[in-house]
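Have a look at the structure below before the remarks.
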Amino acid sequence: PQYETILTEQNGAVTVITLNRPQSLNALSSVVLEELISAFAAYQADDSQLCAVLTGSGEKAFAAGADIKEMADKPAADFYNQDFFSRWTSHLVKATRKPWIAAVNGFALGGGCELAMMADFIIASENAKFGQPEIKLGVAPGMGGSQRLTRAIGKSKAMEMCLTGRMMDAAEAERSGLVARTVPLADLMAEAMKTAETIAAMPPMAAMVNKEMVNAAYEMTLDQGLLHERRLFQILTATEDKAEGMAAFIEKRDGKWKGR
Ligand code: HXC
């Protein structure tokens, strides 16, 4: 499909989605939102695609936030009536059951930081900068920043970031557990692709189940989460890929996956 604000590309079993409004540091307009929802739905629906990478075009920004120019004159009633930002979580997080990685290549501010945190994990370039500067605009995070950042890095740091609007560099973000790994900018896409290909080579149903299990840790008590984990584990033991995976190990060969 032809998009106006993003680029999509299939590279083997990996879908690459690139935010492509470099002139506004990939600000997240409502068109970007709709196009991302379509691109993630297409990724989820295509059986040949087993991992996705989301990144920003240019060397400066992943996304510098929701589009301030679009929000500036929007009446409050519209934000409420359209419940605009709910669609990010329902489509990008909940409906995307396959794994995806955010490759953060520069500024990830406000909605940009929140979008990156919707990914299963973040790989950041050394020049990446994360922040929730909404307070400086008289607002607050609106796409999950107050919740996902707090769960990712703890109350003290999250509160400091939200109240001061300061940016966190990649080294601090890695130290704090916000990002899985930091790499030089020149290596970012190669590293993200290598990681995505590793995931895409796994038994696909097991990949989805592993994702579902880890995400459950955010929603459930320890007891509920452990039960959920055991039940999903037990379901996987009934798959053809489990029989193949264990046979392949014993026969010292690579497994061939069916995704069932
Ligand atoms: C619209 C944006 C933008 C944004 C940058 N631009 N961020 N346009 N929305 N969020 C535009 C600038 O207006 C400018 O275009 C061009 O991109 C380049 O940006 P500069 O500011 O000239 O670059 P620089 O001086 O290098 O500064 C980079 C920056 C700064 C530090 C990232 O752009 C910045 O502070 N941006 C805003 C960050 C922010 O507040 N994000 C949170 C948004 S609110 P022109 O054409 O003017 O030169 C949010 C809320 C979510 O996400 C939910 C709650 C409502």
Side-chain angles (χ1 to χ4, degrees), residues 3-7 17-37 40 54-94 102-119 122 124-153 157-173 176 178-179 182 185 188:
Y3 294 114
E4 189 188 316
T5 63
I6 64 173
L7 304 168
I17 303 171
T18 306
L19 302 165
N20 191 33
R21 301 179 74 208
Q23 66 293 346
S24 59
L25 304 184
N26 300 321
L28 304 167
S29 64
S30 45
V31 176
V32 177
L33 167 62
E34 293 307 325
E35 294 191 342
L36 277 181
I37 288 172
F40 274 83
L54 175 67
T55 192
S57 65
E59 302 207 330
K60 209 170 151 186
F62 173 75
D67 191 324
I68 298 169
K69 291 166 189 169
E70 187 181 282
M71 288 188 298
D73 298 321
K74 200 175 157 93
D78 288 3
F79 282 97
Y80 181 81
N81 290 332
Q82 296 162 7
D83 205 11
F84 191 61
F85 300 132
S86 71
R87 290 160 53 70
W88 291 92
T89 291
S90 57
H91 290 74
L92 271 52
V93 182
K94 296 200 171 149
V104 173
N105 55 310
F107 291 115
L109 303 177
C113 184
E114 294 169 302
L115 175 59
M117 290 190 292
M118 291 177 202
I122 299 172
S125 61
E126 283 165 353
N127 66 317
K129 293 229 189 314
F130 299 86
Q132 300 290 162
E134 289 92 336
I135 192 167
K136 297 185 196 170
L137 302 168
V139 285
M143 310 177 199
S146 67
Q147 304 304 300
R148 293 197 177 97
L149 188 65
T150 306
R151 283 163 161 82
I153 68 176
K157 264 188 189 290
M159 192 70 93
E160 189 209 4
M161 304 256 312
C162 289
L163 286 177
T164 66
R166 83 167 172 93
M167 294 184 209
M168 185 183 260
D169 66 19
E172 184 181 5
S176 311
L178 179 60
V179 314
T182 302
L185 178 60
L188 177 66

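Remember, it's 1-based here, ligands and their atoms both numbered in the order they're listed. Note that the coordinates shown come from a computational prediction; the quantities given were computed from them, not determined experimentally.
- In Phe79, neither the side chain nor the backbone holds a heavy atom less than 4.0 Å from any atom of ligand 1.
- Using a 4.0 angstrom heavy-atom cutoff, Ala140 counts as in contact with ligand 1.
- Of the protein's heavy atoms, none falls inside 4.0 Å of atom 34 (C) of ligand 1.
- Within a 4.0 Å radius of atom 23 (O) of ligand 1, the protein contributes at least one heavy atom.
- Looking only at heavy atoms of the protein, atom 50 (C) of ligand 1 is closest to Glu134 CG, 3.3 Å.
- Between Met118 and Met143 there is a side-chain heavy-atom pair separated by less than 4.5 Å.
- By the definition of a contact as any protein heavy atom under 4.0 Å away, atom 26 (O) of ligand 1 is in contact.
- For ligand 1, the polar-atom distance check against Pro141 finds no nitrogen or oxygen pair separated by under 3.5 Å.
- Contact detail for Cys113 and Ala108: the closest heavy-atom pair is CB-O, 3.2 Å.
- A donor and an acceptor atom, one from each side chain of Asn20 and Ser57, are located under 3.5 Å apart.
- Nearest heavy-atom pair, Phe62 versus Gly112, reported as atom, atom and distance to 0.1 Å: CE2-O, 3.4 Å.
- Looking only at heavy atoms of the protein, atom 13 (O) of ligand 1 is closest to Lys69 NZ, 3.1 Å.
- Across every non-hydrogen atom of Leu36 and Ile17, the tightest pair is CD2-CG2, 3.8 Å.
- For ligand 1, the atoms lying closer than 4.0 Å to a non-hydrogen atom of Ala27 are 1 (C), 4 (C), 9 (N).
- Here the shortest heavy-atom pairing between Met71 and Ala66 reads CE-CB, 3.6 Å.
- There is no protein heavy atom closer than 4.0 angstrom to atom 48 (O) of ligand 1.
- Contact annotation: Lys60 has at least one heavy atom less than 4.0 Å from an atom of ligand 1.
- Checked by distance only, ligand 1 and Leu137 stay at 3.5 Å or farther apart across all their nitrogen or oxygen atoms.
- The number of heavy atoms from other shown groups lying within 6.0 Å of CG (Asp73) does not exceed 12.
- Heavy-atom minimum distance, Leu19 versus Asn26: O-OD1, 3.2 Å.
- Ligand 1 lies out of reach of Glu70, whose nearest heavy atom is not under 4.0 Å from it.
- For ligand 1, the atoms lying closer than 4.0 Å to a non-hydrogen atom of Gly111 are 49 (C), 52 (O).
- For ligand 1, the atoms closer than 4.0 angstrom to any heavy atom of Leu109 are 32 (C), 38 (C).
- Open room surrounds CD on Glu59; 12 or fewer heavy atoms of other groups in view lie less than 6.0 Å from it.
- In terms of N/O distances under 3.5 Å, ligand 1 is not approached by Glu114.
- Protein heavy atoms are found inside the 4.0 Å sphere centred on atom 2 (C) of ligand 1.
- Screening residues 21-31 for salt bridge (charged side-chain N to carboxylate O under 4.0 Å, His left out), with sequence neighbours left out, gives Arg21-Asp67.
- Scanning all protein heavy atoms for the shortest distance to atom 21 (O) of ligand 1 gives Leu25 CD1, 5.0 Å.
- The heavy-atom pair separating Pro141 from Cys162 by the smallest distance is CG-SG, 4.1 Å.
- Residue Ala66 has at least one nitrogen or oxygen atom sitting less than 3.5 Å from a nitrogen or oxygen atom of ligand 1, judged on distance alone.
- By the ring-ring contact (aromatic ring centres under 6.0 Å, His included) test, Phe40 is found to be paired with Trp100, residues two or more places apart in sequence or in another chain being considered.
- Counting only heavy atoms, the protein gets under 4.0 Å from atom 52 (O) of ligand 1.
- By the criterion of a heavy-atom distance under 4.0 Å, neither the backbone nor the side chain of Ala61 is placed next to ligand 1.
- Residue-environment remark: NZ (Lys74) exceeds the threshold of 12 foreign heavy atoms within 6.0 Å.
- Geometrically, ligand 1 and Phe107 share no nitrogen or oxygen pair separated by less than 3.5 Å.
- At a 4.0 Å heavy-atom cut-off, ligand 1 touches Pro133 through the side chain alone.
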